[in-house]
Amino acid sequence: MEKEEKYLLQNYGRFPVVIEKGLGSKVYDLEGKEYIDMTSGIGVSSLGHSNKDIIYALETQMNKVIHTSNLFYNSSYINLGEKLVKMSKMNKVFFSNSGAEANEAAIKAARKYSSEKYGQGRYNIITLKQSFHGRTMATLSATGQDKYHKHFDPFTPGFIYAELNNIDEFKSLVDETVCAVMMEAVQGEGGIYPMEETYAKQVCDICNKKDILVIFDEVQCGNGRCGALFAYETLGVKPDIVTTAKGLGAGMPIGAALFNEKTENVLGKGDHGSTFGGNPMATASALVVLEKLSSEGFYEEVIAKGDYIRDKIISFNSPLVKEIRGKGLMLGIELNIEVKDIIKNAIDNGVLFLSAGPKVIRMLPPLVIEYEEIDQALDVLKSLLLN
Ligand SMILES: *Cc1c(COP(=O)(O)O)cnc(C)c1O
């Protein structure tokens, strides 16, 4: 930790735990102390730690080729592309290395679609207040939270913020300068706020009528996290562009932007690219994730575990719990107090939780977490909430 402070940019607020290894939904520190991992990174290690099938896929790929440039073909990214397109019922996919980069691709595609079809001036993208879309300059602009906007201006122009689930405000913001909307079906960093089905349908209706592109940012809520491949599916809507990352690679860095029949040809040769995007290792890992997600009953299990956690927390009857929000295994427990100390105490007691804002405990456990592990984690939470 001292070396870290000496040599590494101090841009992260870390907990004083050195994670040495992981197995399933448990991680271990240098002294061998065990922790139940209710974070899976930040929704990344979707199949848990040291998953045998992931290791096998990576070893196999590693022994063939670790990197090829995008000047050549390779079967690893093609196999993943086929699987992801078929499962999502979208038309084409672009691979990046992260969520922010997937969103950059979506933003570029939306602007180009509009400028080719309608000419200049139709470039605004409506995003939501409390949203999070990444840390690059454009995705920071897209992020509707002031706390990320200090000190870094001038920002990429062309983003307008609307309040989640407020259809009247949305209508008032739509004009001839708007080319797209970008939103999370369940807001993650902003505090675990799910989008209402009627709102989603009304927004998509308005957008379809006006040829405004609908982009769903599924970086956090996608990849099975909410009990469906993508969380927007639970709202009965169909986007023109979908972005994802986090849980897609089970720990390997990968992002993806998916395009439908309307947007699949917008970005052409030379319009966009990435040196590492679609690399053989990350795509080999992601293929294993998609195979697991498509196995019989996988999503039902995610939903059942989410309900189990929710019911158990309700049964604590803790006066500190204000509201439980979320879908599947993406859960936010809003308290009447700040959660900082509870999260610290949970770590001391061998459980890792996330927060989402000052008063929300966020849970994004591995999708394969076992009931026994959930029980262990919630026993600790219970003692802290009833203390
Ligand atoms: C984490 C996140 C991003 C950014 O992803 P990175 O891989 O960190 O660039 C974008 N959108 C949402 C909804 C996220 O949760």
Side-chain angles (χ1 to χ4, degrees), residues 11-13 39-46 94-108 110 125-145 147-149 152 156 159 161 164 180-195 200 214-226 228-232 234-235 239 241-258 274-279 282-283 285-286 289 325-332 354-357 360 362-365:
N11 59 317
Y12 296 110
T39 73
S40 50
I42 303 180
V44 167
S45 305
S46 46
F94 164 79
F95 289 120
S96 62
N97 313 292
S98 66
E101 289 170 290
N103 286 338
E104 289 277 343
I107 292 164
K108 282 177 74 173
I125 298 176
I126 297 178
T127 64
L128 297 174
K129 291 169 189 161
Q130 295 301 113
S131 61
F132 184 81
H133 298 295
R135 304 279 197 160
T136 61
M137 287 308 287
T139 60
L140 264 186
S141 290
T143 293
Q145 295 191 62
K147 69 170 179 182
Y148 295 106
H149 290 167
F152 300 120
T156 311
F159 294 92
Y161 313 117
L164 172 67
V181 302
M182 180 157 80
M183 38 200 195
E184 298 154 87
V186 180
Q187 291 185 332
E189 300 301 312
I192 313 291
Y193 288 101
M195 181 176 286
V214 175
I215 305 167
F216 269 96
D217 177 343
E218 293 272 344
V219 171
Q220 188 161 155
C221 58
N223 308 301
R225 174 68 45 198
C226 293
L229 175 60
F230 293 123
Y232 69 76
T234 68
L235 302 171
I241 303 174
V242 183
T243 61
T244 191
K246 289 200 169 92
L248 178 61
M252 293 297 285
I254 184 169
L258 286 147
S274 164
T275 297
F276 292 118
N279 73 82
T283 48
S285 189
V289 173
R325 295 187 293 266
K327 264 186 188 167
L329 286 172
M330 180 171 186
L331 293 166
L354 294 161
S355 60
V360 177
R362 174 170 42 155
M363 298 186 191
L364 303 169

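Both ligands and their constituent atoms are indexed starting at 1 by order of listing. For this chain, numbers begin at 1 and follow the sequence in order.
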Undergrad: Quick one: closest heavy-atom pair of A256 and L248, and the distance?
TA: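 Shortest heavy-atom separation between A256 and L248 comes out as CB-CD2, 4.0 Å.
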
Undergrad: Is the shortest heavy-atom distance from the side chain of N223 to the side chain of F230 under 4.5 Å?
TA: yes

Undergrad: Checking R225 side chain against M330 main chain: does a donor-acceptor pair fall under 3.5 Å?
TA: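 No; judged by distance alone, with no hydrogens or angles, the pair does not exist.
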
Undergrad: How close do G249 and V289 get, counting heavy atoms only, and between which atoms?
TA: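 Between these two residues, the closest heavy atoms are C-CG2, 4.2 Å.
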
Undergrad: Counting only heavy atoms not in Y161, do more than 12 sit closer than 6.0 Å to its OH atom?
TA: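 Buried by this count: over 12 neighbours within 6.0 Å.
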
Undergrad: Give me the pairs of N or O atoms, one from ligand 1 and one from the protein, that sit under 3.5 Å apart.
TA:
{"residue": "ligand 1", "atom": "7 (O)", "partner": "G99", "partner atom": "N", "Å": "2.8"}
{"residue": "ligand 1", "atom": "9 (O)", "partner": "G99", "partner atom": "N", "Å": "3.4"}
{"residue": "ligand 1", "atom": "9 (O)", "partner": "A100", "partner atom": "N", "Å": "2.8"}
{"residue": "ligand 1", "atom": "11 (N)", "partner": "F132", "partner atom": "O", "Å": "3.2"}
{"residue": "ligand 1", "atom": "11 (N)", "partner": "D217", "partner atom": "OD1", "Å": "3.4"}
{"residue": "ligand 1", "atom": "11 (N)", "partner": "D217", "partner atom": "OD2", "Å": "2.8"}
{"residue": "ligand 1", "atom": "15 (O)", "partner": "Q220", "partner atom": "NE2", "Å": "2.8"}
{"residue": "ligand 1", "atom": "15 (O)", "partner": "K246", "partner atom": "NZ", "Å": "2.6"}

Undergrad: Sequence neighbours excluded and cut-off under 3.5 Å, please list the side-chain donor-acceptor pairs for residues 181-191, or say none.
TA:
{"residue": "E184", "atom": "OE1", "partner": "G188", "partner atom": "N", "Å": "3.1"}
{"residue": "E184", "atom": "OE2", "partner": "F132", "partner atom": "N", "Å": "3.0"}
{"residue": "Q187", "atom": "NE2", "partner": "K129", "partner atom": "O", "Å": "3.1"}
{"residue": "E189", "atom": "OE1", "partner": "R362", "partner atom": "NH2", "Å": "3.4"}
{"residue": "E189", "atom": "OE2", "partner": "Q220", "partner atom": "NE2", "Å": "3.1"}
{"residue": "E189", "atom": "OE2", "partner": "R362", "partner atom": "NH1", "Å": "2.9"}

